[in-house]
Structures are given as structure tokens and as C-alpha cells.
Amino acid sequence: MIVAIASGKGGTGKTLVATGLAWVAGASGRAEVHLVDCDVEEPNAHLFLRPQITSSEEVTLPVPQVDGGRCDGCGRCAQVCAFHALAVVRGRVLVFPELCHGCGSCARQCPCGAIREVPKRLGRVERGRAGGIHFAQGILDVGEAMATPVIRQLKRMALAGIPETALALLDAPPGNACPVVETLRGSDFALLVTEPTPFGLHDLQIAVQVAREELGLPVGVVVNRDGVGDGGVDRFCTSASVPILLRIPFDRRIAEAYSAGTLWVDALPEYREPLRGLLSKLKASCGVAP
Amino acid sequence: MKQWVVLSGKGGTGKTTVAAALAHLAAQELRLVLADADVDAANLELLTAPQVQEAHQFSGARVAAIDASRCTGCGLCAGACRFSAVVCEGGCRVDAIACEGCAACTYVCPAQAIAMVDWPSGEWFRSDTRFGPLFHARLFAGQENSGKLVTQVKQSARLLARQDGADLLLVDGPPGIGCPAIAAMSGADLALMVVEPSVSGVHDLRRILATARHFGVQAAICLNKADINPAQAAAIAGVGAAEGVPVVGLVPFDRAVVEALVQRRPVTEQGPGAAADALRGLWEALRTSMLSA
């Protein structure tokens, strides 16, 4: 069962929910638990789970390298590149690797066989263990723009060959664009974490649109900091038939534990039972035996 | 004209709260143009009551479309696609959500059955607000190219700001350090990093500061909810000192921030209060540095 934890708006508590769920699922010891931090621009789950990292692999993108001896300056490569990553100036090819999406068309279409693809580093994937939890995270290198290929590679590595019975929790990045779609795609459930404010509501509506309407995933909501703000999120969830699966009250102790890097379910045991309840609901939604 | 961008690395630290307060305060004494560069989750409009003056379609992306009547089902397209966006099972079809828009499939199709078509990926708007013109956008759910839409919004805002002789272009940025954040900070005179005192706040601040340094953008720090964790607040001051980045604002935790949000106005418009007063202090500090620069 693969559950992606997303939100639209940043800072609503995705990592809080993901790490809490991983902890209670891991403690039950019933099935393999994987936590995959797909927020590769700002991965934070490791700060709370403190995993032992046992492997680190580079994520690369194949980008063109032009052999000036073979190139006749025809310009076909620049013509086929949809991302303007190549330009021909006075018969010479200039490559802008930061614009390249790694599609390979330039190399494939070059009539002179003058282009070969070389790996350009975008970031890395780290894997390890946090107690009983299998941990993996992607880390985009500073200055790199493209998060999606890192997420793609992370998911490929972290989810390959895991048993059907395993629980994989994907901690998604904020927003609603391609990195979120890459995280959600192939999941069994989208758990959307929001806060009951106009900002939370606005971004939740878009997240439901992406997850349920565009990707066809079942969705459920966690309302975090319940009690602040207004009733807009509740009204929306009712009218759009989106189930609210858990409410986490506004509790300064959670904020303090979180700010100190303490796993909140360690510090505040009373939240374990509600999280177990959430896990049961997720399993029921996905048709997994409790 | 100065261009400031409000960023954070980590999401939900209070970028829009700070940006809206700065907009309210700045508009009282100078000519201002606003841009919301968080096109995935645009929230500045919720606090500024924009009256839309112009709406534009944005087609940043193109996707492959296969003409089934020409397709022979040979599967060369699927072989050329590195994004698993073409499925060939009794005829080929494109998964438009997975399609990267690279057109690799079109070049290898022997039947010329594939064309690239424009894909509406968002809208952008020029609106009037009580603080000045606001440029904002809506990326359609799950679309690519949010960086391109950010650039479109910023360029339009910049053009108008130049034409109108505005003093300040204030940009509310997206979270993260990737494509949209890089697009939001390009050309900025100052990136104001709004950060909360938490271990994740410190971690993410280091990465967004490194990104700003990488692109040569000057940074300053505004510590939000500064009193939640004094140890982490001190750690942030330490990061700032080590990086030569000044802490220009200290905003305490204040319930009035959420109350103002529910009222859909900048917290500084609600009158005096702990957060509002601190945000006034932030504006004073930034204005002084702007005038002295």
C-alpha cells in the first residue's frame, strides 16, 4: 500500500503526519514500513527519524556533449530540442545543460553522430534505516532547478521490489505542479494535510483537483492545527465529499516538539492512538487487511 | 526601482503574511507593484482583494497527440520516450500528465502520426488592489512549467513597474529551492527569507541561502514566530552571522496573524499588536536600507 502525503500549501504538517504514521506502523511490527521523503528541495523527515544512512547514489540526467570534430553545424539538434538547451552560433553548437530535460532527441537526431550523452549530476538518493523503518530520501543539489527527475529516481529505487503487504509513505513536496504529480503518480491513496484557514482551504481545493480529478486517486484529509481559523475547510470537505480522516488539535506542545526536532509521537504518546486509527482507515480505503 | 522577493525554503513559514504586511506598509509611502510568484498555490490574492483587470491564457507546455488513424502501432514512439508517457497496447496513446513535451516521439514516428499540441497550463492576471497593481496566476492542477509561469508573471509586473515609475516591485515567492524559487529570485535586489525557529527551518534556511548565494542574490532574514523555540532562534541568528546575512525582522507568535487571515487582510491593517508592530519594524529596517543603498 502506497500512501502519498501531500498538501498544496507548505508547512501544513505533511512531515508531521508522515513521520507519525511511520512510527506507529513501525511500532506495530506487522508489516514492512517505508518512509520515502519526496520533498527533494527541502527534505526534512530525516531530522525527526534520524536514520542511519547506508547508501548514497547520485541522480544524474543525460545531457548532450558535442564532438566538434564530427559536428558539421547543421543545427538539427537545436531544431529538435523543445527546451532550447542547444543553440548553433556561427556553425558551433552551444549546450545549456541547465535547460536540458534529458530526452535524448538531439543525440538520436544528429545526422553526424556527433552528440553523445553524458551524465550531469542533479542530486542524490540516500537510503538507510531508522529503527524498524526503511528510510529513503532524495536531495536536489543547491542551484539545480529540476526536482522531478530526482523524485522519479528516488521512487524507482525506494519502491522497487517491496512486498505487496508493505506500507510505503511518500512525504510529498508542497505545491501542485510536476514534482507533486510525480510523487502522487502510482500511489494508492492521497492523504492531504491542511490547516483550517483560508490559505489552507484554497490550496486544499487545488490538491483535491490534482489528486482526485487529474490522477483519479482516492483522497482523504487530515486537518492540522484544528481549532484555529474558520470553518471553510470543513464546509468544503462536506460539499466535495472528501472524508476528514483525522483532526490534530492546535497544541503548542506539538509545535515545540517539532521545532526541537523531536518526533512528536515520542514526546506526546496520547497521539499514537489517533494515528493508529488513521492507519486503519487508510488500510480500509485501500482494501488492505487490518 | 527595487525588486524584493519573499522566500523561505520551507513552506508555511509566513511568506504571504509578511509580503502582505510589507505591501500594506510600503503602499502608504511609495509606488508599489506586487507579484505573486507562488503560482502553484497563490495566496497573496486572498489578502489583497484583487479586482481582475486582465486575464491571459498561459500555454507553457506542449504535449504529444497521436492521430489514431495514421498510427500503425509500431511502438517506436514508446521506445523513444524516456518519461513513460507513451503506451502502446493495440495502438499507441499519450499520457498527457506524464508527457514532458520533448517531442522525441514525433521525430521517430515513421507514419508522421504524432503532433505536438498546445496544452493550456494556466492563466495569469493583472489586478488592481488597494496597495497597487497585483500580477498573479493560477497554474492548472498538476501542470508543468511553473517556473515559466513565474517568469511570465514577474516580467509583466516588472514591465508595468518600469512604465509607471514604481519604486518597488514586491514578489511573494514559492517554497523550495528548485525551478520556481530560482525563477522567483532572478533579478531580485533582495531576497527576504522568512524562517521559523525549528530544526527544519534551520535546515531549509541553509539551503535557500546557498541557492541565493549561488545566483548572486543578496539575502536578509525575517524570523517568524521567533519566540516558539529560543534555541533554534539563536541557531538561525548564528547561520545568518556565519553567512553574513542580517536578521532584519523578529516577529513573535501572535494569534492576530490567523485572525487577520480569516478576515482576509494584512495583519498590519488590523491595528497595533505584537506581530503587526514587529512587521512595522521590519518595514522600517528594509526601507532604511533601501534608501541608503
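Lettering of chains follows the sequences in order, A, B, ..., and the numbering in each one begins at 1.
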Please evaluate residues E195(A) and T197(A) with respect to the criterion side chain to side chain donor-acceptor pair (under 3.5 Å), reporting the C-alpha separation (whole Å), side-chain torsions for both, the decisive distance (0.1 Å), and the verdict.
CA-CA 6 Å; E195(A) 60 176 38; T197(A) 65; 3.0 Å; yes

So which part of [X] gets closer than 4.5 Å to some heavy atom of chain B, the side chain, the backbone, both or neither?
X	answer
Q205(A)	neither
P43(A)	both
L140(A)	both
F83(A)	side chain
R76(A)	side chain
Q109(A)	side chain
V80(A)	both

Identify which of [options] forms the greatest number of heavy-atom pairs closer than 4.5 Å to chain A.
options	answer
T211(B), T16(B), D204(B), I208(B)	D204(B)
T106(B), I97(B), V202(B)	I97(B)
L46(B), I177(B), L47(B), I228(B)	I177(B)
H203(B), M116(B), H214(B), R138(B)	H203(B)
D38(B), N43(B), V108(B), V262(B)	N43(B)

With a sphere of 6.0 Å drawn around CZ of R121(A), does it hold more than 12 non-hydrogen atoms of other residues, nucleotides or ligands?
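Atom CZ in R121(A) is packed in, count exceeds 12.
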
Best-contacting candidate, [options], against chain B by heavy atom pairs under 4.5 angstrom:
options	result
V180(A), L215(A), L47(A), L184(A)	L47(A)
E117(A), M146(A), E144(A)	E117(A)
V181(A), T12(A), D230(A), N176(A)	N176(A)
K9(A), E256(A), E214(A), Q209(A)	E214(A)
P198(A), A260(A), A82(A)	P198(A)

Pair R62(B) + D118(B): basic N to acidic O under 4.0 Å
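A salt bridge links R62(B) with D118(B).
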
Where on [X] is there a heavy atom nearer than 4.5 Å to chain A: the side chain, the backbone, both, or neither?
X	result
I182(B)	side chain
A181(B)	neither
E45(B)	side chain
P175(B)	both

Just one of L122(A), D141(A), L61(A), I139(A) clears the side chain to side chain contact (heavy atoms under 4.5 Å, CB included) bar with V150(A), so which one?
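By the side chain to side chain contact (heavy atoms under 4.5 Å, CB included) criterion, V150(A) pairs with just one of L122(A), D141(A), L61(A), I139(A): L122(A).
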
Where is the tightest heavy-atom contact between F140(B) and G122(B), given as atom of each residue plus distance?
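Heavy atoms only, the tightest pair is CD1-N, 3.5 Å.
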
Sole residue of K10(B), R206(B), R207(B) in salt bridge (charged side-chain N to carboxylate O under 4.0 Å, His left out) with E42(A):
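Result for salt bridge (charged side-chain N to carboxylate O under 4.0 Å, His left out) with E42(A): R207(B).
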
Could you tell me if S7(A) and K14(A) have a donor-acceptor pair between their side chains, going purely by distance under 3.5 Å?
yes

Do S259(A) and N229(B) pair up side chain to side chain, a donor and an acceptor below 3.5 Å, judged on atom types alone?
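Looking only at side-chain atoms, N229(B) and S259(A) do form a donor-acceptor pair, the distance falling under 3.5 Å.
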
Quick one, [X] and [Y] - any side-chain contact, counting heavy atoms below 4.5 Å?
X	Y	answer
V63(B)	V117(B)	yes
K155(A)	Q153(A)	no
L149(B)	S121(B)	no

